[in-house]
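The structure appears below as C-alpha cells.
In listed order, ligands and their atoms are each counted from 1. The figures here come from the full heavy-atom set of this structure, side chains too, leaving out hydrogens, waters and symmetry mates.
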Amino acid sequence: MIKVDNLHKSYGKLDVLKGINTSIKEGEVVAVIGPSGSGKSTFLRCLNLLEQPTEGQIWIKESNITDNKTNIMKVREHVGMVFQHFHLFPHKTVLDNLTYAPMKVKGLSKQEAQKQGRELLKKVGLADKEKQYPNKLSGGQKQRVAIARALAMNPDVMLFDEPTSALDPEMVKEVLAVMKDLVHTGMTMVIVTHEMGFAREVADRILFLDGGNLVEDAPPSEFFSSPKSKRAQDFLEKVL
Ligand code: ADP
Ligand code: MG
C-alpha cells in the first residue's frame, strides 16, 4: 500500500528525515513512536504531501506521489489524516463537516453525502450531534468527528498524528475505541502516538524514529520486550 524509499526532508540546513526506508502492506497498522522532535510528524506529513520530501520517493498503491506529475489533491483524496488539534471547520455543523469534501471533491449529491455522513456519525457514536457546531463538543467528540470526516472520503490509508495528545485523560479511551473499531475493518493505518499500551495492542509493527532515522522496525512483541538499539531502550525506560 505504501512504499517509502530513501525519504529525506530538510528545512533549510536542518535535516529532519535522513533517509527513511519502509513499506506498509494493505490492512497493516503501524505505530510510529519516538522522542519529541525525532521527525514523526514530518514523516507522516510527507505521506500525504503536506510536506514535500527533499529527496527520495513515496509510492501509495501504484502511484509515485513524489513524481512531479502527480496531482497532490488526488493523492490526499486517498489518504485521510487526523491531527492532534482536530482542524474541524468551526462554522459548519458536524454533519456539514462530513459532507463538504465528499460533495465538493467527489461530486456526491447532498443526499448521498448526508446519508453517508449519518452512517459515519453513528459509527463513532455521535448520531445525535449532527446539528451541533464543533465548539459545543468535547475534545473527544471533536476528534471522533474528525475521524468520521476523514473516513467520509473513503480513503485507502488513514494517518493519525497524536490523535489523543490534546485530550483530557477521560476522553482518550473513547477516541482509541473508535480507532480500534477501524483497525477491525482492515483499514491501513499509520499512527503517531504516545499511547504505548494502545500501540502494543493494535499495531502490527512499531517504527521507532530517533533523530530523523528509522532506528527500529519490529512487531510490538519484539520491540517492547527486547528493543535492539540503545536509543529505543532509553526511550522506553522513560515512557513505560
Ligand atoms: P516530532 O513529530 O517527532 O516531534 P517533527 O517532525 O514535528 O517531530 O519535527 C522534527 C524537527 O523538525 C524538529 O526539530 C522541528 O523543530 C523541525 N520542524 C518541523 N516542522 C518544521 C518547519 N515547518 N520548519 C522548520 N523546522 C521544522
Ligand atoms: Mg509531532
Any S36 heavy atom less than 4.0 Å from ligand 1
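Flag set, S36 near ligand 1.
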
Within less than 4.0 angstrom of ligand 1, does G12 place any heavy atom?
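Heavy atoms of G12 never come under 4.0 Å of ligand 1.
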
For [atom], closest protein heavy-atom neighbour:
{"atom": "atom 4 (O) of ligand 1", "answer": "G37 N, 2.7 Å"}
{"atom": "atom 7 (O) of ligand 1", "answer": "S41 CB, 3.7 Å"}
{"atom": "atom 17 (C) of ligand 1", "answer": "L14 CD2, 3.8 Å"}
{"atom": "atom 18 (N) of ligand 1", "answer": "Y11 CE1, 3.6 Å"}

Would you find a donor on one side and an acceptor on the other, under 3.5 Å apart, between the side chain of [X] and the backbone of [Y]?
{"X": "K131", "Y": "L95", "answer": "no"}
{"X": "D5", "Y": "G56", "answer": "no"}
{"X": "R76", "Y": "N48", "answer": "yes"}

Are a donor atom and an acceptor atom from the side chains of D15 and S10 found within less than 3.5 Å of each other?
yes

Numbering as shown, the atoms of ligand 1 that approach P35 to under 4.0 Å (heavy-atom distance):
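So the answer, numbered in order with elements, is 3 (O).
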
Atoms of type N, O or S from protein under 2.8 Å of the Mg ion (ligand 2), total 1

When hydrophobic residues are tied together by side-chain contacts of less than 4.5 Å, even through go-betweens, does L44 share a cluster with I206?
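No, separate clusters.
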
Side chains of residues 185-194: which donor-acceptor pairs under 3.5 Å do they make with residues two or more places apart or in other chains?
| from | atom 1 | to | atom 2 | distance (Å) |
| --- | --- | --- | --- | --- |
| T185 | OG1 | L182 | O | 2.6 |
| T188 | OG1 | G27 | N | 2.8 |
| T193 | OG1 | E195 | N | 2.9 |
| H194 | NE2 | E162 | OE2 | 3.2 |

Does [X] reach ligand 1 with a nitrogen or oxygen that is under 3.5 Å from one of the ligand's nitrogen or oxygen atoms?
{"X": "V16", "result": "no"}
{"X": "G39", "result": "yes"}
{"X": "S38", "result": "yes"}

Hey, is [X] close enough to [Y] for a salt bridge, meaning N to O under 4.0 Å?
{"X": "K123", "Y": "D181", "value": "no"}
{"X": "E77", "Y": "K106", "value": "no"}
{"X": "R231", "Y": "E216", "value": "no"}

Name the one of R144, K142, Q141 that satisfies side chain to side chain contact (heavy atoms under 4.5 Å, CB included) with V175?
R144

Looking only at non-hydrogen atoms, find the nearest pair between S38 and G211 and report the distance.
CB-N, 3.8 Å

Could you check whether atom 15 (C) of ligand 1 has a protein contact, counting only heavy atoms that fall below 4.0 angstrom?
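There is no protein heavy atom less than 4.0 Å from atom 15 (C) of ligand 1.
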
What part of T42 sits under 4.0 Å from ligand 1 if we count only heavy atoms: the side chain, the backbone, both or neither?
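Both backbone and side chain of T42 come within 4.0 Å of ligand 1.
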
With a cut-off of 6.0 Å (strictly less than), are more than 12 heavy atoms of other residues, nucleotides or ligands near CD of Q111?
no

